[in-house]
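As the structure is a computational prediction, the values presented were derived from the model and not from experiment.
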Amino acid sequence: MQTLLSTRIFSGRPLDDRALHLLRDRGFVRLELRTAPDHLDFSSEAEVRMMRRRLASQGILAPWIHLDETYVGRLGRDLGLAELTASVMAAGAEAVVFSLPHGRREPWAPTLVEIASYVRRAGARPVLDVRVRVDE
């Protein structure tokens with residue numbers, strides 16, 4: 001079994017070639033990609049495809065995606081669920097980890113079941129990161 005390292009260790013900065021080279025040189029060739037606006041913009045299918053190519057050029061796989069709460073919070077308002085499906089497919093992810101934003105769910109926000117359904121449509125396994133009380 002190989003170790004899966006989260007790119008969260010590079011939070012607050014872009015996931016550039018220098019960071020990827022450092023990971024590969026330390027023996028980490030399987031990653032959980034953390035998505036966040038300042039790290040990896042998962043709302044851009046083109047950026048996700050480019051990241052997948054950059055990873056492949058370094059000999060690195062990213063079978064897990066961790067959707068940042070800010071991304072999940074924009075689903076249904078700024079981002080469509082079809083865009084989620086396209087980005088998951090572009091990443092070639094096996095699993096997508098997500099949690100719901102803290103606070104009250106907005107009426108336009110998709111449910112956990114809807115998000116999980118779109119992740120499955122993209123061929124990945126949905127994984128719920130529960131940090132708060134789940135009441136439904």
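Residues A124 and A95 come closest through the heavy atom pair CB-N, 4.1 Å. Of all heavy-atom pairs spanning A90 and R49, the tightest one is CB-CG, 3.6 Å. Closest non-hydrogen pair, S11 versus R8, comes out as OG-O, 2.5 Å. Considering all non-hydrogen atoms of both residues, E45 and A86 come closest at OE1-CB, 3.4 Å.
Between W64 and R125 the shortest side-chain heavy-atom distance falls below 4.5 Å. Annotation: side chain of L67 is in contact with side chain of L84 (closest heavy-atom distance under 4.5 Å). By the 4.5 Å heavy-atom criterion applied to side chains, I65 and F98 are not counted as neighbours. Using a 4.5 Å cut-off on side-chain heavy atoms (C-beta onward), D129 and H66 make contact. Considering only heavy atoms from C-beta on, I115 comes within 4.5 Å of P110 through its side chain. A heavy-atom distance below 4.5 Å is found between the side chains of R54 and D17. At a threshold of 4.5 Å between non-hydrogen side-chain atoms, the residues L4 and P63 count as touching. Side chains of E32 and L5 form no contact here, defined as non-hydrogen atoms less than 4.5 Å apart.
L61 and V88 fall into different hydrophobic clusters, defined by Ile, Leu, Val, Met, Phe, Trp and Tyr side-chain heavy atoms under 4.5 Å apart, directly or through other members. One hydrophobic cluster, built from ILVMFWY side chains closer than 4.5 Å, holds both L22 and F28. The hydrophobic clustering, which links ILVMFWY residues whose side-chain heavy atoms are closer than 4.5 Å, places V113 and L81 apart. A chain of hydrophobic side-chain contacts below 4.5 Å, direct or via other Ile, Leu, Val, Met, Phe, Trp or Tyr residues, connects Y71 to L112. Note on L128: it clusters hydrophobically with L33, by side-chain heavy-atom contacts below 4.5 Å among ILVMFWY residues.
No donor-acceptor pair closer than 3.5 Å links the side chain of T35 to the backbone N or O of L40. Within the 3.5 Å criterion, the main-chain N or O of S44 finds no donor-acceptor partner in the side chain of E47. Judged by distance alone, with hydrogens and angles left aside, the side-chain atoms of Q58 form no donor-acceptor pair with the main-chain N or O of L55 at under 3.5 Å.
Taking OG1 from T85 and CD from E83, the interatomic distance works out to 10.0 Å, rounded to the nearest 0.5 Å. If you take CZ on R74 and OG on S43, they are separated by 4.5 Å, rounding to the nearest 0.5 Å.
No hydrogens or angles considered: a donor-acceptor pair under 3.5 Å links the side chains of R24 and H21.
Cation-pi geometry between R121 and Y118 is satisfied (NZ or CZ under 6.0 Å from the ring centre, within 45° of the ring normal).
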